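First comes the structure, then the notes that go with it.
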Number of protein chains: 2
Amino acid sequence: MPHTSPDALWAAVEPEASRRMLVGAVDAFAERGYHATTTRDIAARAGLSPAALYVHYPSKAALLAQISSTGHEAALALVEAAVARGAGPVERLRLVVADFVAWHATHHRIARVVQYELGALPDDARAHSVALRRRIEGAVEATVADGVRAGVMTAADPRRVARAVLSLGIDVARWYDPAGRDSPAALGALYADLAARMVGAAPAGGTQ
Amino acid sequence: MPHTSPDALWAAVEPEASRRMLVGAVDAFAERGYHATTTRDIAARAGLSPAALYVHYPSKAALLAQISSTGHEAALALVEAAVARGAGPVERLRLVVADFVAWHATHHRIARVVQYELGALPDDARAHSVALRRRIEGAVEATVADGVRAGVMTAADPRRVARAVLSLGIDVARWYDPAGRDSPAALGALYADLAARMVGAAPAGGTQ
DNA sequence: CGGAGGTAAGCAAGCGCTTAGTCAAGGCCC
DNA sequence: GGGCCTTGACTAAGCGCTTGCTTACCTCCG
């Protein structure tokens with residue numbers, strides 16, 4: 001999942017013009033921010049007139065809400081899948097971080113909107129996204145707490161450490177540049193090692 | 001420095017109305033973002049008419065530029081002071097992270113503008129801020145590289161690890177809430193431990 | 001009395017969104 | 001099969017409002 005094409009999230013959206021609007025909105029919101037993006041800009045990226053946006057979406061905010069919702073759901077699904085895949089707490093943490101980081105790199109445009117435009121969402125849409133975020137944080141916190149309980153990690157405060165681990169991934173969306181030298185997979189592997197170190201897990205080949 | 005009052009950065013700005021404009025702009029930009037903030041909003045926070053903004057600043061963008069410049073300069077000064085204060089690479093890294101994180105918590109409103117409104121800056125102002133950012137990253141990278149050379153840290157890639165360490169601090173500005181249970185100093189201490197672990201420095205009391 | 005600090009009023013431009021309509025594709029009855 | 005209506009996608013034009021910023025003027029203090 002974390003390594004699919006950046007636009008794969010919208011593959012199911014029909015009709016095609018509606019999907020082009022979404023992709024254009026993601027690009028514009030990620031580049032300039034929600035408030036600096038005009039509906040005319042989004043429509044132009046989709047190759048349509050300004051009014052065409054309102055054929056497919058009731059408002060500019062509804063577009064943002066759909067992007068945020070879909071993005072948060074994808075991130076949560078990815079985290080829960082990684083947790084289910086791992087054998088023990090340490091492997092689970094490694095998998096979660098590797099996938100979470102790689103996703104934020106591969107989908108850095110969507111991730112930018114997801115992470116930095118929460119405040120621009122209408123109240124109900126924000127509540128939905130915030131709830132999904134809490135489940136993501138909860139999954140990581142539980143993994144760290146499990147590891148501590150099992151004696152394979154050391155962390156005085158699993159909640160705060162989990163938040164810090166997630167910060168690593170979230171901030172990738174801010175600086176990641178696909179033209180740079182970091183591949184999403186390599187970045188995920190590096191950050192999985194860093195996270196393992198943060199929780200005091202035994203070294204496993206790692207960063208050294 | 002990292003523990004002074006949030007508004008201490010502007011103490012030297014005269015006249016007072018000009019300072020109130022700056023403080024109001026920081027609050028508004030941090031809450032809603034640069035593009036969603038109106039000049040009328042800034043002026044109202046300063047208790048003045050909309051036109052008064054232009055008595056003190058040539059444009060809304062100039063206000064942002066001043067905030068970004070002052071903020072980046074403060075962050076760089078703090079990092080360089082911490083590096084100068086530490087005895088060895090590990091202590092230097094701990095001091096840098098502790099102060100950088102505490103600063104992002106204490107000044108989370110300024111830090112939000114500094115970290116997330118770079119793209120809204122006019123080209124010349126952005127170039128100035130980007131140059132300061134590179135010096136911050138360079139200082140941390142050098143500290144990690146020193147530690148590896150001295151054999152007190154392990155990190156295959158000091159540049160990428162330094163970037164990850166800074167991500168921890170930068171992301172604090174996104175989520176920090178002064179009404180929460182984290183004091184800037186405690187957060188700085190926790191994150192200094194996490195950073196020491198990330199670079200494979202010997203445990204020093206730490207998170208365990 | 002000059003200059004710094006301040007304001008009321010308002011301008012041009014751009015904003016999100018609406019209106020009224022075009023047009024092609026498809027169903028349907030006689 | 002031809003006429004007729006519906007439907008979904010789309011657009012030209014533009015409405016009402018807000019934006020950043022300007023102008024012309026006022027006030028007060030050294």
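Everything numeric here is computed off the predicted structure, so don't read it as measured data. The sequence lines fix the lettering, A, B, ..., with proteins before strands; numbering per chain opens at 1.
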Hey, does B/L53 reach any base, or is it just sugar-phosphate, or nothing, if we go heavy atoms under 4.0 Å?
nothing
Measure from CE on A/M21 to P on C/dC17 and round the result to the nearest Å.
13 Å
Atom pair distance, as rounded to whole Å: CD1 in A/I42 and P in C/dG16:
8 Å
From the set D/dT11, D/dG20, C/dG5, return the single nucleotide nearest to any side-chain atom of B/Y54.
D/dG20
Of all the choices, C/dT7, D/dC10, C/dG6, which nucleotide is nearest to the side chain of A/H56 once you look at every atom?
D/dC10
Between B/H104 and B/Q115, is there a side-chain donor-acceptor contact under 3.5 Å, judged purely by atom types and distance?
yes
Given D/dC21, D/dC10, C/dT7, identify the nucleotide with an atom nearest to the side chain of B/K60.
D/dC21
Separation of C/dG5 C1' from B/Y57 OH (nearest whole Å)
14 Å
Tell me what B/T38 touches on the nucleic acid: a base, only sugar-phosphate, or nothing, going by heavy atoms under 4.0 Å.
sugar-phosphate
Return the value, rounded to whole Å, for the distance between atom CZ of B/R19 and atom C1' of C/dG5.
15 Å
Rounded to the Å, how far apart are B/H35 NE2 and C/dG14 C1'?
14 Å
May I have the distance from B/E16 (atom CD) to C/dA4 (atom C1'), rounded to whole angstrom?
16 Å
Choosing from C/dC17, D/dT11, C/dA8, which nucleotide comes nearest the side chain of A/A51?
D/dT11
The criterion is salt bridge (charged side-chain N to carboxylate O under 4.0 Å, His left out); which residues satisfy it with B/D27, sequence neighbours excluded?
B/R109
Answer yes or no: is there an ion pair linking A/R92 with A/D146, defined by an N-O contact shorter than 4.0 Å?
yes
Nearest-nucleotide check on DNA chain C, B/R20 vs A/A61; residue mapping nearer the 5' end is B/R20
Compare the minimum distances between each of D/dG20, D/dT11, C/dG6 and the side chain of A/S49, then state the nucleotide with the smallest one.
D/dT11
Could you walk me through whether B/R45 and B/E31 pass salt bridge (Lys or Arg N to Asp or Glu O under 4.0 Å), step by step?
CA-CA 13 Å; B/R45 287 176 193 247; B/E31 271 174 37; 3.2 Å; yes
Base of C/dG14 paired with side chain of A/R40 (donor-acceptor, under 3.5 Å)
no
B/V55 has a side chain; which of D/dT11, C/dG16, C/dT7 sits nearest to it?
C/dT7
Could A/K60 and A/F29 be counted as a cation-pi pair, given that NZ or CZ must be under 6.0 Å from the ring centre and within 45° of the axis?
no
